[in-house]
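In what follows, a structure is listed as structure tokens, so that the remarks can point back to it.
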Amino acid sequence: MFWIASAIGLLIAYLLGSIPTGYSLGKILRDIDIREYGSKSTGATNVLRTLGKGPALFVLVVDVLKGVAAILFASWYYPWIAAEPLFAISVNFDLQSWVPWFVCLSGLAVLVGHGRSIWLKFTGGKSAATGLGVLLAISLFVGIGAAAVWGITLAVSRIVSLSSILAAVTAIILILSFEHQLPYRLLVIAGGLYVIVRHHANIRRLIAGVEPRLGQFN
């Protein structure tokens, strides 16, 4: 029962991430599939290019909150099932010791859900905003540090993809530089690498010097 309940928790995190915010706004506001425009992503940057500043800000906030919600839910849900006698495995098995691992797996699940939404035939955004939400929920300091690097890089370069990549690298460096439990370190490393890999096309354009800046069409 514990493993079934744990799998249900991961599924909930994935479904939270799968909420297609950008796609839904495209349909509601202009009756378009945002995946057919700009960078083909459903994230806030493509929403900005396609729908404007207000919808982009809304998508950004909701996508961040998806990451926060997944971690907050997991932080309540897994200690609860670990303490319930119904889910006990054996008297010699410490379920509480598994809680941080499942919380971190939930963090990965919400990232994958955002990037590979079941409602969008496993397409989606690049998980940077949702990743920021996960960071803020597990380590406020690391989240703020990554957000600061993102903001400074964007102000200087006006390239969102570069800002997101450097923010992911910053998060990995910060989580390794300070005292955090191993599961949370592994979550940030895996999540950061996932965000970077999701930007593989942007990385190729950055190397080629053709990555668009804010205000330019991708």
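Placement of L48 and L60 in two distinct hydrophobic clusters is found when ILVMFWY residues are connected by side-chain heavy-atom separations under 4.5 Å, directly or transitively. Taking hydrophobic clusters as Ile, Leu, Val, Met, Phe, Trp and Tyr residues chained together by side-chain heavy-atom distances below 4.5 Å, Y23 does not share a cluster with V61. A single hydrophobic cluster is seen to contain both V188 and L176, as judged by linkage of ILVMFWY side chains at heavy-atom distances under 4.5 Å, directly or through other members. At a threshold of 4.5 Å between side-chain heavy atoms, the hydrophobic network of Ile, Leu, Val, Met, Phe, Trp and Tyr places I81 and F102 in one connected group. Under a hydrophobic-cluster definition in which Ile, Leu, Val, Met, Phe, Trp and Tyr are linked whenever side-chain heavy atoms come within less than 4.5 Å, directly or via other members, V103 and V68 are assigned to different clusters.
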message: Set out, in order, the CA-CA distance, both residues' side-chain angles and the distance that settles side-chain contact (heavy atoms from CB on, under 4.5 Å) for I118 and Y14, then state yes or no.
response: CA-CA 9 Å; I118 191 173; Y14 170 81; 3.6 Å; yes

task: Walk me through it: do S139 and H180 pass the test side-chain contact (heavy atoms from CB on, under 4.5 Å)?
output: CA-CA 9 Å; S139 175; H180 290 89; 3.2 Å; yes

task: Apply side-chain contact (heavy atoms from CB on, under 4.5 Å) to T50 and R30, showing your working.
output: CA-CA 10 Å; T50 309; R30 290 181 51 188; 4.1 Å; yes

field: Step-by-step side-chain contact (heavy atoms from CB on, under 4.5 Å) determination, V47 to F58
entry: CA-CA 10 Å; V47 171; F58 178 81; over 6 Å; no

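Closest non-hydrogen pair, V142 versus A171, comes out as CG1-O, 3.8 Å. The shortest non-hydrogen separation linking S39 to N46 is N-OD1, 3.1 Å. Closest approach of L132 to A147, counting heavy atoms only: CD1-CB, 4.0 Å. Contact between A74 and P79 at its shortest, heavy atoms only, is O-CD, 3.6 Å. Taking all atoms of both residues into account, the shortest heavy-atom contact from W119 to P20 is CD1-CD, 4.0 Å. Among all heavy-atom pairs drawn from L193 and I172, the shortest one is N-CD1, 4.2 Å.
One N or O on the side chain of T130 and one on the backbone of D63 form a donor-acceptor pair closer than 3.5 Å. The main-chain N or O of P100 is never found under 3.5 Å from a side-chain atom of Y184 such that the two would form a donor-acceptor pair. Using a distance-only test at 3.5 Å, with no hydrogens or angles considered, a donor-acceptor pair links the side chain of R213 to the main chain of S157.
Note that CG of L154 is 5.0 Å distant from CG of L214, once rounded to the nearest 0.5 Å. Between I8 atom CD1 and L15 atom CG the span is 11.5 Å, to the nearest 0.5 Å. Going from atom CG of L72 over to atom CD1 of I138 covers 11.5 Å, rounded to the nearest 0.5 Å. In this structure, NZ in K27 is found 5.5 Å from CG in D33, a value given to the nearest 0.5 Å. Atom CZ in R116 sits 4.5 Å away from atom CZ in R198 (nearest 0.5 Å). Remark: L187 CG to C104 SG distance equals 4.5 Å, nearest 0.5 Å.
Ring planes of F73 and W76: tilted class, angle from 30 to 60°.
Annotation: side chain of T42 is in contact with side chain of R35 (closest heavy-atom distance under 4.5 Å). Put simply, the side chain of Y194 reaches to within 4.5 Å of the side chain of S127, judged on heavy atoms. Using a 4.5 Å cut-off on side-chain heavy atoms (C-beta onward), S18 and K66 make no contact. Contact of the S117 side chain with the T123 side chain is not registered, since no non-hydrogen atoms from C-beta on lie closer than 4.5 Å. Side chains of L186 and W101 form a contact here, defined as non-hydrogen atoms less than 4.5 Å apart. In this structure, N202 and V160 have side chains that are not in contact, with every pair of non-hydrogen atoms separated by 4.5 Å or more. Counting only heavy atoms from C-beta outward, the side chains of S106 and Y77 never approach each other to under 4.5 Å. Taking the side chain as every heavy atom from C-beta outward, I71 and L136 never approach each other to under 4.5 Å.
With side-chain heavy atoms closer than 4.5 Å counting as contact, directly or through intermediates, the hydrophobic cluster containing I159 also holds V149, L162, I165, L166, V169, I173, I196, I203, L206, I207.
For the pairing with S161, the side chain to side chain donor-acceptor pair (under 3.5 Å) check across E211, K126, H199 returns one residue only, E211.
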